[in-house]
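Quick notes on the structure that follows.
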Amino acid sequence: MKTGTTCVQGGYSPNNGEPRQIPIIQSTTFRYETGEAMGRLFDLEASGYFYSRLQNPTNDMVAAKIAKLEGGVAGMLTSSGQAATFMSVFNICENGGHVVASSAIYGGSFNLLDVTMRKMGIETTFVSPDCSDEELEAAFRPNTKVVFGETIANPALAVLDIERFAKAAHDHGVPLIVDNTFATPVNCRPIEWGADIVTHSTTKYMDGHGATLGGVIVDAGKFDWMAHKDRYPGLTTPDDSYHGITYAEKFGKEGAFITKCTAQLMRDFGCMPAAVSSFMLNLGLESLHVRMKRHVENGQAVAEFLAGSDKVDYVSYPGLKGDKYYDRAMKYMGNGGCGVVSFNLKGGRKAAETFMNSLKLAAIETHVADARSCCLNPASTTHRQMTDEQLEQAGIPAGLVRFSCGLEDIDDLLADIAGALEKV
Ligand SMILES: *Cc1c(COP(=O)(O)O)cnc(C)c1O
């Protein structure tokens, strides 16, 4: 099946007389006729459902669809993108471990790695996505367990050279995790370029309507954990909390990662979405391939329009000829990347405020990748505590606006932007 068909029909094929739409199994628990039958589930000797904190049939149908879309072998939904990022790393990197991460990643992922996971004894070395081979090489340590990056970084819009980072990871015997939220599998499939694990905040384009928070982890099923037995004891030695099961032995390359993530981390952390949330996510997925095309068209048109305005200092959009990441974007995302555009207004913070307050269609929101256009000025909101000099140093100048192009008619969107620019 091609991507569009999988968006619409993947993950669920009803039998004669069964519901056409995926059923919402809104049940915390499941009935068994004997204690022994249920015991077999607890031992992972049989597959089946027993408690929705670990697994739920509706969630699994949607996870299977996303796994197919990414070209992976197994997937797991989480209650947020943050939970997906955390679990994807923590599943293979525990206290004493080390992560190599691109510095151009979502702020929440940066904070998770740089502050919270450090408190758990997990160190991260950040490297620029544009670092030299020597710098990348120097970031690895004997205890490095994983490399982490983001296809198109939110909000920097830097494009990751996935092939290069995958090769560096594999040369050191560790997997590459890619957060593919902004590109979605419609525009980029990181597994085809060497990624081993793919994560998403499904809150963004996958849901696409600003309705449901969620995340997903997809495993390519290609990383050979047993070949690096000493590095991944959690997968390659017996798990006492599951009667001595060795995940990589029992479930192989294709099943080990997601089974451990479900049986151990979901069991213990419980960041599970409700079935009704997964149902809503699936409604979004059914039109993802149609919507992404429009998001990209609108993003491209808005980026080109802004680039032609004398009130704009510069525009960042990987689809724009001359953008720092244009060539890389063409390699990995030939049909376009996403609908998010960043631009810096010459008049700084004041100009950004005037511009945003003058918009009529696009709303000021802490959100992106929604059907409705929205925008944010980091200097006056998420990065409010920083001085103008600090903002400049961080590559987030005071006049920077992150504009997420929705699905509106482009003429209306451009007129809205033109009208707001006139006020500046
Ligand atoms: C929003 C976002 C996240 C975090 O997802 P939540 O669903 O908000 O927890 C992670 N990565 C990227 C790229 C994001 O944009």
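Order of appearance sets the numbers: ligands from 1, and atoms from 1 within every ligand. Residues take their numbers from the sequence shown, with the count starting at 1.
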Closest non-hydrogen protein atom to atom 13 (C) of ligand 1, residue and atom name please, with distance? E150 OE2, 3.1 Å

Which residue supplies the protein heavy atom nearest to atom 8 (O) of ligand 1, what is that atom called, and how far is it? S201 OG, 4.2 Å

How close does the nearest protein non-hydrogen atom get to atom 7 (O) of ligand 1, and which residue and atom is it? T203 OG1, 2.6 Å

Check the pair D239 / Q264 against side-chain hydrogen bond (donor to acceptor under 3.5 Å, both in side chains), numbers first and verdict last. CA-CA 9 Å; D239 177 2; Q264 217 179 53; 2.9 Å; yes

Would you say the ring centroid of F86 lies under 6.0 angstrom from that of F269? yes

Which residue and heavy atom of the protein sit nearest atom 4 (C) of ligand 1, plus the separation: Y106 CE2, 3.4 Å

Ion pair check, K253 and D219, cut-off under 4.0 Å: no

Any chance you could measure L113, atom CG, to R118, atom CZ, to the nearest 0.5 Å? 8.5 Å

For ligand 1, is G214 a contact, meaning one of its heavy atoms is under 4.0 Å away? yes

Determine, using ring centers only, whether F223 and H228 are less than 6.0 Å apart. yes

Ligand 1 atoms in contact with Q82 (distance to a heavy atom under 4.0 Å): 4 (C), 5 (O), 6 (P), 9 (O)

Would you mind listing which atoms of ligand 1 come within a distance below 4.0 Å of any non-hydrogen atom of S80? 7 (O), 9 (O)

Shortest protein contact, atom 2 (C) of ligand 1 (heavy atom only): K204 NZ, 2.5 Å

Nitrogen or oxygen of G81 less than 3.5 angstrom from that of ligand 1: yes

Does any N/O atom on N154 come nearer than 3.5 Å to any N/O atom on ligand 1? yes

How about F355 and F343: are their ring centres within less than 6.0 Å of each other? yes

Between P155 and L376, is any pair of side-chain heavy atoms under 4.5 Å apart? no

Look at atom 12 (C) of ligand 1 and say which protein heavy atom is nearest, naming residue and atom and giving the distance to 0.1 Å. D179 OD2, 3.4 Å

